[in-house]
Amino acid sequence: DSDGDTADVTDAELIPQWDPADFDQVYTVGPGAAYGDPGEIPWEALQGGTLVQILWRAEPYRTKWVINTTATAERPLVVVGIADKGRRPIINGEDAVTRPELSYWNENRSVIKVGGSNLPTDDVVPAHIVIQGLEIRSARPAYRSTGNNGQVAVYSENAAAIHVEVGAVVHIIDCELHDAGNGLFSGHGSSDLVIRANHIHANGIAGSIYHHNSSTESAGIIFEYNHSGPLRSGALGNNLKDRSGGTVIRYNWIESGNRQIDLVETDYADIADLPAYDQTIVYGNILVEPEGAGNRQFLHYGGDGDGYYREGSLYFYHNT
């Protein structure tokens, strides 16, 4: 608040509750439901005002998909996991299969992808997408998956549990992202992302400095109330690496990594030209450096390559 105090925030305020009656179309996936697997959902044809509910089951779902729907604030596309006794439904990238009707590139770079699809068309920007309440895991070598063409391929090292390639107003809430090259990855075609109340941990590639729990480059991104735990054993990447404009990082627990927070330069003029690129805000976080973990820098700001270095203001305050 205005006095600098942090008010208590309840789970109900952080994690939306979705009423099926508020949606034009509702799909329910899982035991006893009309759809047994997420692969049966016509992702290529979903419209705004759609709710996809995925029920918990003991066996993980082994399906991967892309979302390319242009929804609206009044009629969003919401994909929500329905937990059982605190257990989120699991979307497992290992041996996952893509629905044949889907057509998108970089299939070996994600379990769930937003944007970058031929269907319904590649000239739209998916918007007002919510992915919530899912455990998404296992997208890295040597895991394999089956593409829409039936071909089996190994995930790339930079594969992510969630990859937002293109998308505007994408909210990722209350998910667990782990065991991937990058837990979360966003490309410069994305904007206005909110990453809230997630558990992101155990990502990265052993021996590599190029893969992270989060690796993002968006035109506007907020990280809030997340628990970002240690990377995979032997992984040398950062915990939260961001190249975005208008970055806000607040009220997170960020533990371990080469650096807890690495705020480096964008490679794209359209992000560098944003007025918000000159202001980065980091406050209210708990940053933890384990004993003997290596690099003792909690935060790095500016750049580490040949792109458009950040030359604006970093507001770093009320962190522990």
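A quick note: this is a predicted structure, and the numbers were derived from the prediction, not measured.
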Checklist line | side chain to side chain contact (heavy atoms under 4.5 Å, CB included) between Leu51 and Tyr27, intermediate numbers included | finding: CA-CA 6 Å; Leu51 175 65; Tyr27 295 89; over 6 Å; no
Check: Rounded to the nearest 0.5 Å, how far apart are CD of Glu176 and CZ of Arg88?
Finding: 5.5 Å
Next item on the list: Mind listing the closest non-hydrogen atom pair of Pro89 and Gly133 along with its distance?
Entry: CD-O, 3.4 Å
Note to self: For residues Trp56 and Ile136: do they belong to one hydrophobic cluster (side chain heavy atoms under 4.5 Å, members Ile, Leu, Val, Met, Phe, Trp, Tyr)?
What the structure shows: no
Check: Hey, are the side chains of Ile173 and Ile195 touching, using non-hydrogen atoms and a 4.5 Å cut-off?
Finding: no
Next item on the list: Check the surroundings of atom CG in Asp24: do more than 12 heavy atoms from other residues, nucleotides or ligands lie under 6.0 Å from it?
Entry: yes
Notebook entry, point to check: To the nearest 0.5 Å, how far apart are NE2 in His211 and CD1 in Ile205?
Noted result: 5.5 Å
Notebook entry, point to check: Would you call Val130 and Val80 a side-chain contact if the rule is heavy atoms closer than 4.5 Å?
Noted result: no
Margin query: Between Tyr268 and His188 (judged by ring centroids, cut-off 6.0 Å), do the two rings come close enough to count as a pair?
Written below: yes
Next item on the list: Check whether Ile41 and Val114 end up in the same hydrophobic cluster, where Ile, Leu, Val, Met, Phe, Trp and Tyr are linked by side-chain heavy atoms less than 4.5 Å apart.
Entry: yes
Check: Is the backbone of Val125 close enough, under 3.5 Å, to the side chain of Thr70 for a donor and an acceptor to pair up by distance?
Finding: yes
Next item on the list: Report yes if some heavy atom in the side chain of Asn319 is under 4.5 Å from a heavy atom in the side chain of Val282; otherwise report no.
Entry: yes
Next item on the list: Can you see which heavy atom on Asn148 is nearest to which on Arg99, and at what distance?
Entry: CB-O, 3.5 Å
Checklist line | side chain to side chain donor-acceptor pair (under 3.5 Å) between Trp43 and Glu101, intermediate numbers included | finding: CA-CA 9 Å; Trp43 301 102; Glu101 291 82 357; over 6 Å; no
Checklist line | Whether His227 and Trp253 hold their rings parallel, tilted or perpendicular, with breakpoints at 30° and 60° | finding: perpendicular
Notebook entry, point to check: Given side chains that start at C-beta, do those of Ile54 and Ile82 come closer than 4.5 Å, heavy atoms only?
Noted result: no
Check: Is it true that a side-chain atom of Tyr155 and a backbone atom of Ala160 form a donor plus acceptor pair closer than 3.5 Å?
Finding: no
Checklist line | Check: Thr50 and Phe23 side chains under 4.5 Å, non-hydrogen atoms | finding: no
Check: Measuring from Glu44:CD to Ser103:OG, what's the distance to the nearest 0.5 Å?
Finding: 10.5 Å
Next item on the list: Search all heavy atoms of Asp37 against all heavy atoms of Gly39 and return the closest pair with its distance.
Entry: OD2-N, 2.8 Å
Check: Are any non-hydrogen side-chain atoms of Glu217 and Ile271 less than 4.5 angstrom apart?
Finding: yes
Margin query: I'd like to know if Arg243 pairs up with Glu265 as an ion pair, taking the criterion as any Lys NZ or Arg NE/NH1/NH2 lying under 4.0 Å from an Asp or Glu carboxylate oxygen.
Written below: yes
Next item on the list: Supply the atom-to-atom distance Asn238 CG to Gln297 CD, rounded to the nearest 0.5 angstrom.
Entry: 9.5 Å
Check: From Leu46 CG over to Ile67 CD1, what is the distance, rounded to the nearest 0.5 angstrom?
Finding: 8.0 Å
Notebook entry, point to check: Within 45° of the axis and under 6.0 Å from the centre of the six-membered ring of Phe298, does NZ or CZ of Arg296 qualify?
Noted result: no
Notebook entry, point to check: Do side-chain atoms of Asn182 reach the backbone of Leu184 as a donor and acceptor pair under 3.5 angstrom?
Noted result: no
Note to self: Quick test of your reading of the model: are Asp95 and Arg144 salt-bridged, counting only N-O distances below 4.0 Å?
What the structure shows: no
Item checked: Any donor-acceptor pair under 3.5 Å from Arg250 side chain to Glu224 backbone -> no
Check: Between Ser228 (side chain) and Glu255 (backbone), is there a donor-acceptor pair under 3.5 Å?
Finding: no
Next item on the list: Indicate the atoms forming the closest heavy-atom contact of Asn203 with Leu177, along with that distance.
Entry: ND2-O, 3.1 Å
Margin query: If hydrophobic clusters are built from ILVMFWY residues whose side chains come within less than 4.5 Å, do Ile254 and Val288 share one?
Written below: no
Notebook entry, point to check: Can a donor-acceptor pair be found between the side chains of Gln151 and Thr146 at a distance below 3.5 Å?
Noted result: no
Item checked: same_hphob_cluster(Val169, Ile172) at 4.5 Å side-chain heavy-atom cutoff -> no
Check: Do Asn198 side-chain atoms and Arg196 backbone N/O form a donor-acceptor pair below 3.5 Å?
Finding: yes
Checklist line | NZ or CZ of Arg109 within 45° of Phe185 ring axis and under 6.0 Å | finding: yes
Check: Any link between Val166 and Tyr104 through a network of hydrophobic side chains (Ile, Leu, Val, Met, Phe, Trp, Tyr) touching at under 4.5 Å?
Finding: no
Note to self: The test is side chain to side chain contact (heavy atoms under 4.5 Å, CB included); show your working for Asp179 and Tyr143 and say whether it passes.
What the structure shows: CA-CA 10 Å; Asp179 196 27; Tyr143 296 132; 2.7 Å; yes
Note to self: If you apply the rule side chain to side chain donor-acceptor pair (under 3.5 Å), what do you find for Ser218 with Ser186, and how did you get there?
What the structure shows: CA-CA 7 Å; Ser218 304; Ser186 74; 2.7 Å; yes
Check: Donor-acceptor pair, Asn252 side chain versus Tyr225 backbone, under 3.5 Å?
Finding: yes
Check: Distance from Thr72 atom OG1 to Gln47 atom CD, nearest 0.5 Å?
Finding: 11.0 Å
Next item on the list: Starting from the C-alpha separation in whole Å, work towards a yes-or-no answer on side chain to side chain contact (heavy atoms under 4.5 Å, CB included) for Glu40 and Val29.
Entry: CA-CA 9 Å; Glu40 299 174 20; Val29 178; over 6 Å; no
Notebook entry, point to check: Do side-chain atoms of Ser190 reach the backbone of Gly187 as a donor and acceptor pair under 3.5 angstrom?
Noted result: yes
Next item on the list: Report yes if some heavy atom in the side chain of Ser313 is under 4.5 Å from a heavy atom in the side chain of Gln279; otherwise report no.
Entry: no
Check: Donor-acceptor pair, Gln132 side chain versus Cys175 backbone, under 3.5 Å?
Finding: no
Check: Side chain of Asn108, backbone of Ala153: donor and acceptor closer than 3.5 Å?
Finding: no
Item checked: Residue pair Glu74 / His128, side-chain donor-acceptor N/O under 3.5 Å -> no
Notebook entry, point to check: Which pair of non-hydrogen atoms, one from Ala219 and one from Leu274, has the smallest distance, and what is that distance?
Noted result: CB-CD1, 3.6 Å
Next item on the list: Would you please test Tyr283 and Tyr251 for ring pair (Phe, Tyr, Trp, His ring centres under 6.0 Å) and show each step?
Entry: CA-CA 7 Å; Tyr283 66 92; Tyr251 307 131; 5.4 Å; yes
Item checked: Non-hydrogen side-chain atoms of Thr280 and Leu263 separated by less than 4.5 Å -> yes
Margin query: Before you tell me yes or no, could you show the steps for Asp262 and Asp304 under side chain to side chain contact (heavy atoms under 4.5 Å, CB included), namely the whole-Å CA-CA distance, both residues' side-chain angles and the distance that decides it to 0.1 Å?
Written below: CA-CA 10 Å; Asp262 198 28; Asp304 62 4; 4.1 Å; yes
Notebook entry, point to check: Val264 and Arg310: which non-hydrogen atoms are nearest, and at how many Å?
Noted result: O-NE, 2.9 Å
